[in-house]
Amino acid sequence: MGSNTKVQKDQGDWIVDLRSDTLTKPTPGMRQAMATAEVGDDVFGEDPTVNELQKRCADLFGKEAALFVPTGTMGNLISILNHCQGRGVEAIIGDNSHIFRYEQGGIAQFAGVMSAIVHNQDDGTLNLKELKSKIRPLDDPHQPHTRLICLENTQNCCGGKVLPVSYMREVYNLAQENNLLVHLDGARILNAATALNIPVSEILQYADSVNMCFSKGLAAPVGSIIAGTKAFIAGALRLRKALGGGMRQSGILAAAALYSLDHIMPRLGEDHVHAKMIAKGIMSVDQNVATLDVEDVHTNILMITVVSETVTPEMIVKRLAEVPAAEESELGCRIIIKGMPWGVKLLRLVTHNDITTADVEKSVQKIQFVLKEYSS
Ligand SMILES: Cc1ncc(COP(=O)(O)O)c(C=O)c1O
């Protein structure tokens with residue numbers, strides 16, 4: 001557990017920051033591991049801690065090799081650049097994917113890759129029929145060549161949904177039949193493996209490359225890892241350098257990532273339990289403002305639908321951060337919840353390593369209070 005929430009509570013307000021799992025702060029043990037890490041120049045391939053992390057992740061993922069990169073955005077970009085060499089190349093991507101929505105169209109800006117967009121269904125999957133229809137014929141000179149299919153697991157914007165392994169297999173088989181590759185944005189793939197209670201390599205056998213983030217639920221301050229074949233990683237190494245992602249004594253960061261695999265990965269399930277507790281709290285109170293399906297909360301992300309005609313997600317988020325005197329006297333303390341409006345009707349809450357069960361109980365109290373207040 002990080003120390004940040006404790007400090008805030010000591011000042012009198014019970015602050016629970018549920019905006020994102022990227023907000024996690026390195027734990028004291030993680031900071032200690034960083035301080036004592038053995039380091040070297042990683043551009044020379046001489047940082048023992050980075051080398052250890054890359055080997056550990058390749059083994060964990062069931063891939064030949066892995067490469068430590070500064071961010072998930074760079075990990076996705078390097079992977080797509082690497083797979084989609086040449087011009088006139090297209091990648092099939094979900095309309096609700098992070099790559100499409102939140103990476104500034106980097107794959108077009110820097111890789112010159114065209115996107116064929118397929119709708120992400122509520123369960124996070126891309127409809128297979130639609131996906132198939134986007135694969136271009138090879139013999140028509142008018143059309144670009146399809147090279148890649150990108151999936152995201154867990155699917156952030158669909159509420160942290162876990163893609164079924166059977167679905168991953170179907171997409172992979174479809175790709176193989178059509179001579180295409182599959183890249184998985186697995187920023188939170190360890191949340192998916194935790195929710196399914198299977199080794200992560202079982203999921204990743206159905207992807208040619210993967211990007212995973214240490215800086216989300218794993219609570220490390222910086223860093224992502226990409227993995228694939230040795231040839232893929234050799235190409236990725238060159239691209240990382242070209243993009244300015246060659247780091248030097250980055251063992252300090254790799255030490256945090258290694259620590260997260262040992263100490264944070266085993267507790268990811270707690271975040272999922274906490275997310276479900278909040279979901280149940282919302283659905284167990286008499287209110288007509290917001291709804292969600294508790295069964296749809298697969299991991300640490302809750303996507304709440306605001307059903308009221310008069311109340312917006314922004315209004316709820318603003319109110320959750322306020323403490324009127326009447327509320328304080330009824331709830332017995334000043335509870336401040338930070339959440340994120342997510343589009344016109346949605347509100348996102350995310351549990352993570354800095355959120356305790358006590359924080360969750362306080363959150364439920366406050367959210368129930370606010371939703372009842374807004375209910376007509
Ligand atoms: C699903 C997904 N992919 C990729 C990223 C990008 O990671 P980074 O912020 O490290 O660039 C994020 C960030 O939130 C994400 O949620």
Side-chain angles (χ1 to χ4, degrees), residues 17-26 53 57 66-81 91 93-107 109-111 115 120 123-126 148-163 168 182-195 200 203-204 207 209-227 236 239-240 243-245 247 250 253-254 256-257 260 268 271 275 298-303 339-340 342-343 346 348-353:
D17 199 336
L18 298 171
R19 287 172 299 162
S20 175
D21 50 9
T22 58
L23 293 156
T24 47
K25 299 205 176 151
L53 176 70
C57 288
L67 185 73
F68 190 45
V69 296
T71 64
T73 300
M74 190 185 282
N76 284 331
L77 178 60
I78 289 173
S79 301
I80 295 171
L81 259 165
I93 312 183
D95 66 348
N96 233 343
S97 66
H98 196 277
I99 292 173
F100 183 66
R101 288 186 62 169
Y102 299 122
E103 295 179 15
Q104 235 191 66
I107 67 166
Q109 281 200 65
F110 307 114
S115 302
N120 277 106
D123 66 356
T125 61
L126 307 177
L148 184 68
I149 300 170
C150 297
L151 296 177
E152 185 177 313
N153 191 8
T154 65
Q155 227 295 341
N156 178 352
C157 293
C158 293
K161 296 276 171 55
V162 177
L163 307 188
M168 297 279 307
V182 174
H183 170 67
L184 182 68
D185 180 358
R188 297 180 182 81
I189 193 63
L190 291 177
N191 291 86
T194 301
V200 67
I203 306 174
L204 295 181
S209 60
V210 61
N211 161 60
M212 187 201 78
C213 295
F214 296 106
S215 56
K216 313 263 168 346
L218 288 174
V222 179
S224 282
I225 194 107
I226 54 178
L239 289 164
R240 185 186 68 175
L243 292 172
M247 299 178 282
S250 41
L253 303 174
S260 75
L268 285 176
D271 296 340
H298 294 176
T299 56
N300 64 330
I301 301 178
L302 291 108
M303 214 49 104
M340 192 113 82
W342 202 269
L346 297 174
R348 194 187 79 162
L349 301 177
V350 187
T351 55
H352 52 76
N353 191 52

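In listed order, ligands and their atoms are each counted from 1.
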> Taking only residues two or more places apart in sequence, or in another chain, which ones meet Arg101 in a salt bridge (Lys or Arg N to Asp or Glu O under 4.0 Å)?
none
> Nearest to atom 7 (O) of ligand 1, what protein heavy atom do you find, and at what distance?
Lys216 NZ, 3.0 Å
> Does any N/O atom on Glu152 come nearer than 3.5 Å to any N/O atom on ligand 1?
no
> Roughly how far apart are Leu243 CG and Phe110 CZ, rounded to 0.5 Å?
8.0 Å
> Taking Gln109 for its side chain and Ala111 for its backbone only, find out whether a donor-acceptor pair lies under 3.5 Å.
no
> Check this for me - ligand 1, Thr154, N or O atoms closer than 3.5 angstrom, yes or no?
no
> Does any N/O atom on Ser224 come nearer than 3.5 Å to any N/O atom on ligand 1?
no
> Does ligand 1 have an atom that lies less than 4.0 angstrom from a heavy atom of Gln155?
no
> Do the side-chain N and O atoms of His98 and Glu103 include a donor-acceptor pair separated by under 3.5 angstrom?
yes
> Tell me: protein heavy atom nearest atom 3 (N) of ligand 1, and distance?
Asp185 OD2, 2.6 Å
> List ligand 1 atoms under 4.0 Å from Glu103, heavy atoms only on the residue side.
4 (C)
> Restricting to non-hydrogen atoms, name the atom on Ser209 and the atom on His183 that form the minimum distance, rounded to 0.1 Å.
OG-ND1, 2.7 Å
> Of the backbone atoms (N, CA, C, O) and the side-chain heavy atoms from C-beta on, which set of Met74 has a member under 4.0 Å from an atom of ligand 1: side chain, backbone, both, or neither?
neither
> Give the atoms of ligand 1, by number and element, whose distance to some non-hydrogen atom of Arg188 is under 4.0 Å.
1 (C), 15 (C), 16 (O)
> Using modelled atom types only, decide if a donor and an acceptor are shared between the side chain of His352 and the backbone of Gly217 within a distance under 3.5 Å.
no
> What atoms of ligand 1 come closer than 4.0 angstrom to any heavy atom of Thr71?
10 (O), 11 (O)
> My understanding is that only residues two or more places apart in sequence, or in another chain, count here; which of them pass side chain to side chain contact (heavy atoms under 4.5 Å, CB included) with Thr194?
Leu268, His272
> Looking at Asn120 and Gly124, would you say the former's side chain and the latter's main chain have a donor-acceptor pair under 3.5 Å?
yes
> Can you report which non-hydrogen protein atom sits closest to atom 10 (O) of ligand 1, along with the distance?
Gly72 N, 2.8 Å
> Taking the side chain as everything from C-beta on, heavy atoms only, tell me whether Pro221 gets closer than 4.5 Å to Phe214.
no
> Indicate, as side chain, backbone, both or neither, the part of Asn156 found under 4.0 angstrom from ligand 1 when only non-hydrogen atoms are considered.
side chain
> Do me a favour and list the nearest non-hydrogen protein atom to atom 15 (C) of ligand 1 with residue, atom name and distance?
His98 CD2, 3.2 Å
> Where's the contact between Thr73 and ligand 1, heavy-atom distance under 4.0 Å: side chain, backbone, both or neither?
both
